[in-house]
Amino acid sequence: MPALTIHPLVTAHLALDGSRMTYLRNPGRRIWIPAAIFAILGGDEPVLVDTSGSGKEMAGMRAEPVVHHLDLEEALERVGLKPAEIGLVVQTHLMYDHCANSRKLPKARFVVQKEELKFAFKPHPMLAGAYQRELFEGLDFQVVEGDRELLPGLRLLYTPGHTPGTQSVAVETEAGTAVITGFCCIAENFQPAEAGAWKTDNPAQVIPPGINTNLVQAYESALRVREEAEIIIPCHDPGLAGREIIP
């Protein structure tokens, strides 16, 4: 089995209230989160997890500030790739900051969970602004249901709750199993402080995303990732901006 490496490619930073990443925690605290593409190298073909988006484009889709860093071509060039060389992309989910660049990959097929695709075309009004149909309609989708091995060393984990069809990606590396979370979170989601919203003798082991369609599912998915991963890669953790390769 190949030893795979993961390369975070940050295309932009988005400002938001901290409670949108960590349920019932950090309200009123502005944080800047990276929007990233994850290039997985070392196998028979390069694989991308999500395609992120241009900060310039995403600025027109949200009220909060955006800082642009890299266009898709510039991001891929950092790992020696061109858009036409990408044949496989795992879409963790279809909110705009995870798929806004997808149309710029002319030869790619996009692996997506059945429940996510269904929800994306008819989102609940509370999340409709995060799903921009023109970004994903007509893509070459490979629709899957649940967990599956995608390639040697690369597994899909069905981790719903943030959205109905969120999937995470388990990658076998020299340092062990790394999981790229499909749900929007930061490192704190897996390292909850004792202080929470309520006093309790049964504290949460993980913190679900603040944005969720099913809170209990979101909690169980975060707990599953923490239990299965030797290396957790929270997809919006600010620390990603300084990392070129994992592990």
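Heavy atoms only: backbone and side chains are in, while hydrogens, waters and symmetry mates are out. For the single chain, residues carry numbers from 1 onward in sequence order.
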For Q205, does its backbone N or O pair with a side-chain atom of R226 as donor and acceptor, under 3.5 Å? yes

Could you check L88 against L151 for side-chain contact (heavy atoms from CB on, under 4.5 Å), going step by step and ending with a plain yes or no? CA-CA 11 Å; L88 182 61; L151 291 170; 3.7 Å; yes

Under a 4.5 Å side-chain heavy-atom rule over Ile, Leu, Val, Met, Phe, Trp and Tyr, are L16 and I207 clustered together? no

What distance do I86 atom CD1 and E45 atom CD have between them, rounded to the nearest 0.5 Å? 9.0 Å

Any chance you could lay out the side-chain contact (heavy atoms from CB on, under 4.5 Å) test for V144 and Y158, step after step, and finish with the verdict? CA-CA 10 Å; V144 298; Y158 183 44; over 6 Å; no

Run through T159, T163, D50, T181 and flag the one making a side chain to side chain donor-acceptor pair (under 3.5 Å) with T92. D50

Output for pair (K122 NZ, R133 CZ), nearest 0.5 Å, gives 10.5 Å

Under 3.5 Å, is there a donor-acceptor pair between the side chain of S19 and the main chain of T22? no

Nearest 0.5 Å, please: how far is CZ in F38 from CG in L48? 11.0 Å

How about E134: does its CD atom have over 12 heavy atoms from other parts shown lying under 6.0 Å from it? yes

Are Y131 and F119, when compared by the centres of their aromatic rings, separated by less than 6.0 Å? yes

Short N-O contact, K56 and D71, less than 4.0 angstrom: yes

Student check: side-chain heavy atoms of V89 and L139 closer than 4.5 Å: no

Between A218 and P209, the two heavy atoms sitting closest are CB-CD, 3.9 Å

Tell me, yes or no, whether the heavy-atom count around E73 atom CD, taken from other residues, nucleotides or ligands under 6.0 Å, exceeds 12. yes

Does Y219 use its side chain to pair, donor to acceptor, with the backbone of G161 at less than 3.5 Å? no

Exam field: side chain E172 to backbone L4, donor-acceptor pair closer than 3.5 Å: no

Backbone N or O of A35 within a donor-acceptor pair of the S52 side chain at under 3.5 Å? yes

Would you call R29-E188 a salt bridge at under 4.0 Å N-O? yes

Between D147 and R224, does any NZ, NE, NH1 or NH2 come within less than 4.0 Å of an OD or OE carboxylate oxygen? yes

Can you confirm whether E149 is buried at CD, in the sense that more than 12 heavy atoms of other residues, nucleotides or ligands lie under 6.0 Å from that atom? yes

Nearest heavy-atom approach of A175 to P247 is CB-CB, 3.7 Å

Is there a donor-acceptor pair closer than 3.5 Å between any side-chain N or O of E85 and the backbone N or O of K82? yes

Main chain of T166, side chain of Q113: is a donor-acceptor contact present, judged purely on distance under 3.5 Å? no

Just do the side-chain contact (heavy atoms from CB on, under 4.5 Å) check on T11 and H69 with the steps written out, would you? CA-CA 5 Å; T11 64; H69 298 307; 5.7 Å; no

With clusters defined by side-chain heavy atoms of hydrophobic residues (ILVMFWY) lying less than 4.5 Å apart, directly or transitively, does I246 cluster with V179? no

Quick one: does R62's side chain have a donor or acceptor within less than 3.5 Å of a partner on P65's backbone? yes

Using only atom types and a distance under 3.5 Å, with no angle test, would you say the side chain of H124 pairs donor to acceptor with the backbone of M126? yes

Does I211 offer a backbone N or O that forms a donor-acceptor pair with the side chain of H162 under 3.5 Å? yes

In terms of ring plane angle, is the pair H98 and H236 parallel, tilted or perpendicular, where the classes change at 30° and 60°? perpendicular

